[in-house]
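Source: prediction; values computed, not measured. Convention: sequence-line order gives letters A, B, ...; per-chain numbering from 1.
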Amino acid sequence: MQLITWNVNSINVRQPQLEALLKDAAPDVVGLQEIKCETAQFPFDAITQLGYYAVASGQKSYNGVALISRDEPIDVSVGLPNYEDAQQRVIAATINGVRVVNVYVPNGQEVDSEKYAYKLAWLDAFHEYLADTLAQYDTVVVMGDFNIVPTDNDVYAPELWRDKILCSPPERAAFEGLLSLGFQDALRIFATNDPLFTWWDYRQGQFEKDEGMRIDHFLLSNAASARMMRAKVYKEIRALERPSDHAPVAIYLKD
DNA sequence: ATGGTGGGATCCCCA
């Protein structure tokens, strides 16, 4: 079972790349973030024609998430029940017996800004939501753009980014708090020192210099991590013309 | 040097 997470930064622009990914990689589940369209504008028909189900939670201009799957998504839920939020950031469903949570965590903009306070409060609510999810489901996969660099090994210049947004200690503590609920950071299950960057800023030619960060993650419950086989970063898709600033990231679970 | 790039909106916001 291949599951992919991808911040597309506008489904309207990235739809051809998504269709190619579905055809070429034939994933079982894809979680999209930043679709940047209203739910009704999401390209359900094109995805259905490729043999997939799709559910989405969108809004005008910003944010928005979607789940695409070979098998029918069951018990679809949108948003956090414990946090009133106009921003569409969470969609979850049970697919082929796996509870899949697809998330777009707030960026936070800058440490000590209003958006940073929103990010930390939002992560508190997300923590509670995942605790409830683990209480209800055995096999849980949380995927998405977490907008958090877990450790200094996940950023091209740790000293430059020390205490900055995406790397600040409170953000890292929130990420560790999620893991402490009973999740594994899937890309680090098999010990590797590879940075495994998933995002490169459009500015200053950072992709060409490989100045990236690992901010897109999979969190696996114990039952899910027992099935972990391998991971893959689709860096070649970040290298295409007119790319998203995020690469798709995949994990493969034993069937 | 107070910028860089790209998306979506509208005459700027967000990442």
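When the C1' atom of dT5(B) is taken as reference, atom NE2 of His246(A) falls 14 Å away, rounded to whole Å. Computed from coordinates, the Asn107(A) CG to dA15(B) P distance equals 5 Å when rounded to whole Å. Put simply, CG on Asn12(A) is 14 Å from C1' on dG6(B), counting in whole angstrom units. Following rounding to the nearest Å, Ile35(A) (CD1) and dC14(B) (P) show an atom-to-atom distance of 19 Å. Taking atom CD of residue Glu38(A) and atom C1' of nucleotide dG7(B), one finds them 16 Å apart after rounding to whole Å. If you take CG of Asn9(A) and P of dG6(B), they are 11 Å apart, rounded to a whole angstrom. The NZ atom of Lys60(A) sits 13 Å away from the C1' atom of dC13(B) (whole-angstrom rounding). One interatomic measurement links the two molecules: CD of Gln204(A) to P of dT2(B), which rounds to 13 Å at whole-angstrom precision.
With salt bridges taken as basic N to acidic carboxylate O contacts below 4.0 Å, one links Asp185(A) and Arg214(A).
Residues Ser10(A) and Asn63(A) each lie close to DNA chain B; by heavy-atom proximity, the contact nearer the 5' end of the strand is made by Ser10(A). Positionally, the nearest nucleotide of DNA chain B for Asp201(A) lies more toward the 5' end than for the other of Asp201(A) and Ser61(A).
The cationic atom of Arg70(A) (NZ for Lys, CZ for Arg) lies less than 6.0 Å from the six-membered ring centre of Tyr52(A) and within 45° of the ring axis.
As rounded to the nearest Å, dC11(B) and dT2(B) have P atoms that lie 26 Å from one another. Going from the P atom of dT5(B) to that of dT10(B) covers 25 Å, rounded to whole Å. Across the P atoms, dA1(B) and dG6(B) are found 25 Å apart, a figure rounded to whole Å. dA15(B) and dA9(B): their C1' atoms are spaced 14 Å apart (whole Å).
Judged by distance alone, the side chains of Asp45(A) and Thr48(A) never bring a donor and an acceptor atom under 3.5 Å apart.
The nucleotide whose nearest atom lies closest to any side-chain atom of Val13(A) is, among dA9(B), dG7(B), dA15(B), dG7(B). Distances from the side chain of Glu34(A) to the nucleotides dC13(B), dG6(B), dA15(B) place dA15(B) closest.
For dA15(B), neither phosphate oxygen OP1 nor OP2 lies less than 4.0 angstrom from any side-chain nitrogen or oxygen of Arg203(A).
Checked against Ile251(A) for a side-chain contact (heavy atoms from CB on, under 4.5 Å), the options Met1(A), Met228(A), Lys232(A), Met229(A) give a single hit: Met228(A).
Rounding to the nearest 0.5 angstrom, the gap separating the CG atom in Asn102(A) from the CD1 atom in Ile68(A) is 9.5 Å.
Contact annotation for Asn147(A): no contact, since no heavy-atom pair falls under 4.0 Å across all strands. Nucleic acid contact class of Tyr104(A) (heavy atoms, under 4.0 Å, all strands): sugar-phosphate only.
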